[in-house]
Amino acid sequence: MTNKQQAALEQASAGPGLFFGMELLGWYRSVKRDLPWRENRDPYRVWVSEIMLQQTRVDTVIPYYKRFMDKFPTIRHLAEAPEEEVLKCWEGLGYYSRARNLQAGAQQVVSEYGGSVPDDKTAVAALKGVGPYTAGAIMSIAFNRPEPAVDGNVMRVLSRYFCLEDDIAKPSVRTGIERIAAALIPEGAAGDFNQGIMELGALICTPKSPGCLICPVMAECAGRLAGRELELPVKTKAKPPRPELRLAALVEGAGPHAGAILVRQRPESGLLARMWELPHVLAPGGGSAGPVAAGSAAAAGPVRGRRRSTAALDAPAAAGEAAASPGANREARMALMGRALAEEARLLIRPRRWWRDAEHVFSHIRWDLQVYLADFGFVLKDAASAGGTQAGAYTGLAAEQPAAYMAGSGETAEAAQRETAASYDHAGLPLASAALVDRLPEGYRWIRQDDMKEMAFPNVFLRLLNDYWEQRESGCLPDEAEAE
DNA sequence: AAACCGTGGCA
DNA sequence: TTGCCAAGGTT
């Protein structure tokens, strides 16, 4: 502990600490909000709420919490549910590993503790997705055990109250503040105290404009008395997310798949694990590295005559991209996307035209998405069954065959099993025929609007897809409007 | 320690 | 409009 933390700990155990605890308890019990997870102290309900509230605002959580408890009213319901249903229930809430960990934790409780959350800090802390804060919150709120629950609110409140200048962004600082918080807990009132100090941070001792004049502990707040409440807490700024330019394909089906579009499921781990999305590829050079695939752009030939009516629509989404960047980039990127999807998924499509841009910001990455409408071509046999025809397949820029693009239709794909080599023109379109299969690549499927009710999508794709269905239904898609 | 993991509200 | 940040955990 730092010297200041040490001094604060001594105060917390003495007069100022007693003052803080008593004033806070009185205040909390008189003003506490009526929240759905405060109906009772059922450990399962407390647990679910604490997981949902991680890095997430109360107002955002409330509807999710109600839906979740409605669908999974007991630990056993959650433990036995299909994982997709849990994920779908979490759709839009973010940090989706929380959902998987919560269900794994529920299964742990069923198998190890007969379905009841144990009144034991070590056991609770060992549950998946339960860290120091959440363990303390569950133990204090559900079981009234005198454990600290130190989150961002508590660190802010105590930094100000004791005028601590430690950088709360450092993991080591939280440990010191935990000791102080533990010393402040009034006898027999751990649950209300911990909820009260968080409530104070959320309603009064807010980050930007704290309401010191109505704060129940203002009289003894060292930060306020020093006039430094706005400088505290000290917290180093997070690194800005790195930009990534991503090219997404909105592939419209034909033939038996007319009216459907192509989506794929993400891998089991990592970013947005197991969620569904539009197929997309990372543009080389990332989002800030200037011209993307300049060589391809040069080879792309003249742009088509059809242009958007508003210049702003073509504004570069990627940071650092020259503002004067011409619309030819769209053509180059369509070609790039077509080739990359062929390489990565052996999925052959014909990108038709730019539809719209979208942005999706994660904590550490910013996706600048360019979405292109595309027709389905066909699916190449995988490398194994294609028997080595792959090698030359994607280097066919100087193709010897005449262009014979196979128009996208379900029948084409289902004709299947043609044993011919494939090559591609400079726009990324397949030339001649290829070795075909009649099934989609692993993880891909055609969906209609109705299918989305059972599939979890990240918000950015949810918005894109909903807008797409809506626009198509009302005949407002660009191509349809201009095709007349 | 530092990077990885979402999303929305607000000034 | 952009930046900040919220009831954090895991690796």
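Since this is a predicted model, take the numbers as computed values, not measurements. Hydrogens, waters and symmetry mates play no part in the numbers below; they use all other heavy atoms, side chains included. Proteins get letters first, then strands, A, B, ... in listed order; numbering begins at 1 in each.
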Atom [atom1], compared across [N] and [M]: separation rounded to whole Å:
{"N": "C:dG3", "M": "B:dG6", "atom1": "P", "result": "22 Å"}
{"N": "C:dA7", "M": "B:dA3", "atom1": "P", "result": "24 Å"}
{"N": "C:dC5", "M": "B:dC5", "atom1": "P", "result": "22 Å"}

Inter- and intrachain pairs under ring-ring contact (aromatic ring centres under 6.0 Å, His included), touching [range], at least two apart:
{"range": "residues 117-161 of chain A", "value": "A:Phe20-A:Tyr161"}
{"range": "residues 66-86 of chain A", "value": "A:Phe68-A:Phe72, A:Phe68-A:Trp90"}
{"range": "residues 209-228 of chain A", "value": "none"}

Exercise for the section: Would you mind telling me which residue lines up with the more 5' stretch of DNA chain B, A:Ser172 or A:Phe457, judged by nearest nucleotide? Expected result: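 The residue whose closest nucleotide sits nearer the 5' end is A:Ser172.
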Contact class for [X] vs. all strands (heavy atom < 4.0 Å): base, sugar-phosphate, or nothing?
{"X": "A:Pro240", "answer": "nothing"}
{"X": "A:Ile51", "answer": "nothing"}
{"X": "A:Lys170", "answer": "nothing"}

Practice task
Give a yes or no on whether a salt bridge exists between A:Arg242 and A:Glu244, defined as a side-chain N under 4.0 angstrom from a carboxylate O.
Solution key: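 A:Glu244 and A:Arg242: salt-bridged.
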Handout entry: Outermost nucleotides of DNA chain B that come under 4.0 Å of a non-hydrogen atom of chain A
Key =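 Range of nucleotides touched by chain A: B:dA1 to B:dG8.
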Handout entry: Non-neighbouring partners of A:Gln265 that pass side chain to side chain donor-acceptor pair (under 3.5 Å), sequence neighbours left out
Key =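 If we apply the side chain to side chain donor-acceptor pair (under 3.5 Å) test to A:Gln265, skipping adjacent residues, there are no hits.
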Handout entry: Those residues that, when tested against A:Asn144, pass side chain to side chain donor-acceptor pair (under 3.5 Å) (two or more places apart)
Key =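 Checked A:Asn144 against side chain to side chain donor-acceptor pair (under 3.5 Å); zero matches.
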Using residues 211-223 of chain A as the side-chain source, report each donor-acceptor pair under 3.5 Å to any protein atom, sequence neighbours left out, with the distance given to one decimal.
none

Exercise for the section: Scan for side-chain hydrogen bond (donor to acceptor under 3.5 Å, both in side chains) pairs involving residues 177-188 of chain A, sequence neighbours excluded, and state none if there are none. Expected result: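 Checked against side-chain hydrogen bond (donor to acceptor under 3.5 Å, both in side chains) - neighbours excluded - the pairs reaching residues 177-188 of chain A are A:Arg174-A:Glu178.
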List the atom pairs, donor and acceptor, that lie under 3.5 Å between side-chain atoms in residues 119-128 of chain A and the rest of the protein, sequence neighbours left out.
residue	atom	partner	partner atom	Å
A:Asp119	OD1	A:Arg145	NE	3.0
A:Asp119	OD2	A:Arg145	NE	3.4
A:Asp119	OD2	A:Arg145	NH2	2.6
A:Asp120	OD1	A:Thr122	N	3.0
A:Asp120	OD1	A:Ala123	N	2.8

Fill in the blank from the handout: Going 5' to 3' through nucleotides 2-11 of chain C and flagging B where a protein heavy-atom sits under 4.0 Å of the base, S where only the sugar-phosphate is that close, and - otherwise, we get --S-BBBSS-
Exercise for the section: List in chain and number order the residues that pass ring-ring contact (aromatic ring centres under 6.0 Å, His included) with A:Trp367, two or more places apart in sequence or in another chain; answer none if no residue qualifies. Expected result: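 Here the qualifying residues are A:His280, A:Phe362.
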Handout entry: Donor-acceptor pair, side chain of A:Arg156 and main chain of A:Cys205, under 3.5 angstrom
Key =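 Checking the backbone N and O of A:Cys205 against the side chain of A:Arg156, a donor-acceptor pair under 3.5 Å is found.
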Handout entry: Nucleic acid contacts of residues 19-28 of chain A, taken as heavy-atom distances under 4.0 Å to DNA chain B
Key =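 When residues 19-28 of chain A is checked for heavy atoms under 4.0 Å from DNA chain B, there are no hits whatsoever.
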